[in-house]
Amino acid sequence: MSIAISLANLIPAHKKTFFNLSVIKVLDKILGVSRMDELYRQNVMAGLDKEQFAQKLLDVLNIKVLGAENLEGKIPSQGPLVIASNHPFGGIEGVILCLLLGQLRPDLKVLANQGLKLFPELSDYFIFTNPLSEKDPKNAPSLRTSLRHVKAGGALLVFPAGRVSYYQSAKDRISEHSWNRIIGRLVSASNAQFLPIFVSGQNSPLFYRLGRIYYRLRMFMLARELLNKENAEIRISCGNPCKANSYENNLDTEQHAALCRIQSYAQDPQWSRSWPMDKEVNLKELAAEQPEDVIAQEIAKLPKEQHLLTHKAFEVYFGYQNQMPATVAEIARLRELVFREHNEGSGEPLDTDGFDATYTHLFVYNSERKHIIGAYRMGQTDKLLADGDMKQLYLSRMFKFDRTFVNQLQPCLEMGRSFLIPEYQRSFQGLYLLWRGIGAFVCLYPRYRTLYGTVSLSKLYDTRSVALIKQALITRTDSVKPYTEFDFDLHPEIQDFSQKYELKPHLSALLASIEDDGKDIPILAKHYMKLGAEFHCLGIDSNFNDTPGLLLSVELPKAPEKLLKLYLSEGWEGYKNHKGQEVG
């Protein structure tokens, strides 16, 4: 009786001569295929449908799959979808993913290695190709079929490395081959969502040793490697689906494939950690709102020059605590309310400290509804450092500033403690009004050419996202260093990518695959980037619930002219060309 699982399944009928079949029979035994066939027959697996066969194989080998429960919430139920995974084992991960993904997307097809023809019961899943030879003309029909399937709204699973992970001496670690460029083309040409998956684990040491002797020996070992996964636990980690427009326009297919590859590696659970436990904080009840009439009276008494602008029902002012104590107390109450939403609150009734008495408060006031919608706290460094005491700067508690940092070379505005109340956080209007106010302030005091401050990265971000933001945005300098570093290294595969390609343009796509709620780069960071900000370092603010903060500076006269006109209005040219020193 001929065996049902055999290398003979991989060759065309006209090549099944007596000699070839005799050689194959010997190879089947040497390579473990005969043992696989024995399990196949003993467990009556012949003729099972594809899902029954896949489940039976996992049961026979007693393989426990971890993380499968996380797939259901990540897989779009319909529409064009390209799923890509690393390829650590060379066989069993394909069976696992066919089963799990096929249950959620019955339209699943798999662009697969010819080697999986060993299992005829699974053939309905597969579109076969030869990944070891990208230029094989026989691959073209398979790729066209795959593209048609996705364009028609189907789901496609691909192992773009085309071969099992192997030891790479240049990296001194086990890693994957570069991903085939077809993955980028499949996503962009079909306008599909892309879903990255990472399968944890490795083959046996013998597998990698033999592969270092001769690379084709890895293929010959795959059947034995599948069998030695008996009683194994295999973890599946899944990212979030990324829409095709998450990627840069006109991204070349090679770079797109490399980006998809690190999106997969970004799911590696070994490169993931939780934030340290927050200090136990008993959230005290927020302070009572300050009376509307008291705030209105304080604002009415401010000197005329401290009214910066009017826009519809909104007024923008700046003032000091000794001028408007109730207004500053209300700003501190609103700060605490907003910061608690981002896991950054102090837990006190007000978010306040001694710097409220010495810093300038710029705020937006709705004169119709009689409430404050947002504010900035600004430090005028020439005044604060008049006696050379760096402790007068809030950020000196977080960063060690060298004498060469800009805040000691010229008058600057130290920007911080910004907020918008919840109803304005998703609209452009609130941020626009704050920056119109800043523009009006610097036109009034044009000696302030540079703004610097931090953008808080809420601990609602995954630590991986913060590490990526740090790597992508920061240009290292010796002029300032954090007292407490954010000590978290990038995954080595992502480090390799960042050495070859710029990470910054791909930051949104990477965060999209990590952040479950779809968080992107903080909107304030994006705003500073548009102004031409330089990001210097990332530190942990121990005075602000250990929140990570990106230190940046903006040379405002060098900002894009379009934005200067928007925020400085008719005063933009006078500010940009200012040379002298004004009083005040």
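Between Asp462 and Lys519 there is no salt bridge, since none of the side-chain N atoms of the basic residue sits less than 4.0 Å from a carboxylate O of the acidic one. Taking the charged nitrogens against the carboxylate oxygens, Glu336 and Arg340 do have a contact shorter than 4.0 Å, which makes a salt bridge. Checked for salt-bridge contact, Lys481 and Asp478 meet the test: a charged N lies under 4.0 Å from a carboxylate O. Using a cutoff of 4.0 Å between basic side-chain nitrogens and carboxylate oxygens, Glu176 and Arg163 are not scored as salt-bridged. Salt bridge annotation for Glu254-Lys500: present, with a cationic side-chain nitrogen under 4.0 angstrom from a carboxylate oxygen. The residues Asp546 and Lys459 are annotated as not salt-bridged, no charged nitrogen and carboxylate oxygen being separated by less than 4.0 angstrom. Look at Asp496 and Arg173 and you find a salt bridge, because one of the NZ, NE, NH1 or NH2 atoms lies within 4.0 Å of a carboxylate O, short of that distance.
In terms of modelled atom types and a separation under 3.5 Å, the side chain of Gln52 and the main chain of Asp49 share a donor-acceptor contact. A donor-acceptor pair is defined here as one N or O able to donate and one able to accept, closer than 3.5 Å; such a pair exists between the side chain of Arg464 and the backbone of Ala266. The closest donor-acceptor contact from the side chain of Ser264 to the backbone of Ile197 lies under 3.5 Å. Between the side chain of Ser458 and the backbone N or O of Tyr461 there is no donor-acceptor pair closer than 3.5 Å. Under a 3.5 Å cut-off, the side chain of Thr145 and the backbone N or O of Pro141 do form a donor-acceptor pair. The main-chain N or O of Asp489 is found under 3.5 Å from a side-chain atom of Trp271 such that the two form a donor-acceptor pair. Of the possible donor and acceptor atoms, none in the side chain of Glu51 sits under 3.5 Å from a partner among the backbone N and O of Leu99. At least one donor-acceptor pair under 3.5 Å links the side chain of Lys109 to the backbone N or O of Asp124. For the pair Asn240 (side chain) and Glu515 (backbone), a donor-acceptor distance under 3.5 Å is present. Looking only at distances, no side-chain donor or acceptor of Lys504 sits under 3.5 Å from a matching main-chain atom of Leu473.
No donor-acceptor contact under 3.5 angstrom links the side chains of Thr547 and Asp541, judged on distance only. For the residue pair Lys229 and Asn203, a side-chain donor N or O sits within less than 3.5 Å of a side-chain acceptor on the partner. Side-chain contact, Ser165 with Gln202: no donor N or O sits under 3.5 Å from an acceptor N or O. Under 3.5 Å, the side chains of Glu493 and Ser175 contain a donor-acceptor pair of N or O atoms. Between the side chains of Gln255 and His506, at least one donor N or O lies within less than 3.5 Å of an accepting N or O. Side chain to side chain, Ser85 and Glu93 fail the donor-acceptor criterion of an N or O pair below 3.5 Å.
Partner of Arg105 under the side chain to side chain contact (heavy atoms under 4.5 Å, CB included) criterion, out of Leu100, Leu157, Leu81: Leu81 alone.
The shortest side-chain heavy-atom distance between Phe535 and Met529 falls under the 4.5 Å cut-off. You'll find the side chain of Arg209 reaches within 4.5 Å of the side chain of Leu206, heavy atoms only. Residues Leu503 and Phe497 are in side-chain contact: their nearest non-hydrogen atoms beyond the backbone lie under 4.5 Å apart. Taking the side chain as every heavy atom from C-beta outward, Val199 and Ile96 never approach each other to under 4.5 Å. The side-chain heavy atoms of Gln78 and Asp107, taken from C-beta on, include no pair separated by under 4.5 Å. Annotation: side chain of Leu57 is in contact with side chain of Ile92 (closest heavy-atom distance under 4.5 Å). Side-chain atoms of Pro482 and Thr484, non-hydrogen and from C-beta on, never get closer than 4.5 Å to each other. Contact of the Asn191 side chain with the Lys243 side chain is not registered, since no non-hydrogen atoms from C-beta on lie closer than 4.5 Å.
How far OG1 of Thr463 is from CG of Asp487: 12.0 Å, rounded to the nearest 0.5 Å. Here the CG-CG distance, from Leu457 to Leu524, works out to 10.5 Å after rounding to the nearest 0.5 Å. Expressed to the nearest 0.5 Å, how far CD of Gln263 lies from CD1 of Ile494 amounts to 9.5 Å. Atom CG of Leu551 and atom CE of Met398 lie 8.0 Å apart (nearest 0.5 Å). To the nearest 0.5 Å, atoms OG (Ser190) and NE2 (His149) are separated by 10.5 Å. Ile540 contributes atom CD1, which lies 9.5 Å from atom OG of Ser542 (distance to the nearest 0.5 angstrom).
The two residues Arg235 and Pro269 make their nearest non-hydrogen contact at CD-CG, 3.9 Å. Contact between Leu111 and Ser146 at its shortest, heavy atoms only, is CD1-OG, 3.4 Å. Of all the heavy atoms in Ala192 and Val82, the pair that sits closest is CB-CG2, 3.9 Å. Nearest heavy atom pair, residue Ala244 against residue Val187, reads CB-O, 4.2 Å. Nearest heavy atoms, Ala84 versus Ile183: CB-CD1, 3.9 Å. Of all non-hydrogen atoms in Tyr247 and Cys260, the two that sit nearest each other are OH-SG, 4.4 Å.
For Tyr166 and Tyr208, the gap between ring centers reaches or exceeds 6.0 Å. Ring centers of Phe486 and Trp275: under 6.0 Å apart, within the cut-off.
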Run the side chain to side chain contact (heavy atoms under 4.5 Å, CB included) check on Asn43 and Lys56 step by step: do they pass? CA-CA 8 Å; Asn43 292 281; Lys56 189 81 169 181; 4.0 Å; yes
Leu61 vs Asn231, side chain to side chain contact (heavy atoms under 4.5 Å, CB included): CA-CA, chis, key distance, verdict: CA-CA 6 Å; Leu61 294 175; Asn231 301 317; over 6 Å; no
Run the side chain to side chain contact (heavy atoms under 4.5 Å, CB included) test on Cys238 and Leu195 for me, step by step, so that the C-alpha distance in whole Å, both residues' side-chain angles and the decisive distance to 0.1 Å come before the verdict. CA-CA 8 Å; Cys238 181; Leu195 187 83; 3.7 Å; yes
Show your working on side chain to side chain contact (heavy atoms under 4.5 Å, CB included) between Glu341 and Leu460 and close with a plain yes or no. CA-CA 10 Å; Glu341 291 184 347; Leu460 297 178; over 6 Å; no
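Taking the six-membered ring for Trp and thresholds of 30 and 60 degrees, His87 and Phe159 have nearly parallel ring planes, at less than 30 degrees apart.
Within 6.0 Å of atom CD1 in Ile523, 12 or fewer heavy atoms from other residues, nucleotides or ligands are found, so the atom counts as exposed in its surroundings. Atom NZ of Lys530 is surrounded by 12 or fewer heavy atoms from other residues, nucleotides or ligands within 6.0 Å. No more than 12 heavy atoms of other residues, nucleotides or ligands lie within 6.0 Å of CD in Glu72, so this atom counts as exposed by the packing criterion. Other residues, nucleotides and ligands place more than 12 heavy atoms under 6.0 Å from the CG atom of Asp517.
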